[in-house]
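Below, chain A is the first sequence line, B the second, and so on; all start at residue 1.
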Amino acid sequence: DAGITQSPRHKVTETGTPVTLRCHQTENHRYMYWYRQDPGHGLRLIHYSYGVKDTDKGEVSDGYSVSRSKTEDFLLTLESATSSQTSVYFCAISASASYNEQFFGPGTRLTVL
Amino acid sequence: QKEVEQNSGPLSVPEGAIASLNCTYSDRGSQSFFWYRQYSGKSPELIMFIYSNGDKEDGRFTAQLNKASQYVSLLIRDSQPSDSATYLCAVRNNQGGKLIFGQGTELSVKP
């Protein structure tokens, strides 16, 4: 998985609790992305980062926040989890914005009860 | 109209046949096009990318790009049961450079 790990790999939580997912890369790539994948919706971009402390919203950012304090780590936080946030979450990295070849981590399956 | 469209399938082909997967996109200014393969329960894996009109071959895979008609296709020759997966088309958006993914086409290769 191109030097990308995600933790945890599986999580079950309850509605209203905060949840943080971590993406860690060893490739020193500048760009990092968080996606969610749901049946019928494909991969949708939540947030992305174009450098340390530089982040921006994707198409489905409501209810999510991110932080990137180091090149290698990109955190996704659900401030108050809802059942609609039950999904598989993928982190991706890219070295270049010009062509934007992205490589994906193994994913985190999150279930919100 | 969705920005990137694929037939969801399933597309079923016999072993040894050519599988043809198609993708259309709406942003005429798009410059980069990618094909990802995703096995059930796994993450997407980049298998091909193409930036210029025409064909690009890599082993049994050929990506074809026609910018005038706004479509990109993936041909898999000598299909194997191990090629059974969902194939995702992704297009680099001309506004902001983000990737936009199609919903994927499920391919089943029957022995």
For the student: nearest non-hydrogen atoms of [X] and [Y], plus distance:
X      : Y      : value
A:G105 : B:S43  : O-CB, 2.9 Å
B:P44  : A:F104 : O-CB, 3.6 Å
B:Y36  : A:E101 : OH-C, 4.4 Å

Problem - Which portion of A:Y35 sits near chain B, non-hydrogen atoms under 4.5 angstrom - result: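 Contact with chain B involves the side chain of A:Y35 alone.
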When you group the ILVMFWY residues by side-chain heavy-atom contacts below 4.5 Å and let the links chain together, are [Y] and [X] in the same group?
X     : Y      : value
B:I47 : B:L21  : yes
B:L75 : B:L65  : no
A:L75 : A:L110 : no

Problem - B:K98 and A:E59, any side-chain heavy atoms less than 4.5 Å apart - result: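 No - every pair of side-chain heavy atoms lies 4.5 Å or more apart.
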Whether over 12 other heavy atoms sit under 6.0 Å from [X] [atom1]:
X     : atom1 : answer
B:N7  : CG    : no
A:E14 : CD    : no
B:R60 : CZ    : yes

Practice task
In sequence, state the C-alpha distance, the side-chain angles, and the governing distance for B:L46 and A:Q102, and then conclude on side chain to side chain contact (heavy atoms under 4.5 Å, CB included).
Solution key: CA-CA 8 Å; B:L46 180 63; A:Q102 294 185 16; over 6 Å; no
Handout entry: Heavy-atom proximity to chain A below 4.5 Å, by part of B:I100
Key =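 The answer is neither part of B:I100.
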Problem - Approximate separation, where rounding is to 0.5 Å, of A:L43 CG and B:Q38 CD - result: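 Between A:L43 CG and B:Q38 CD, I get 6.5 Å after rounding to 0.5 Å.
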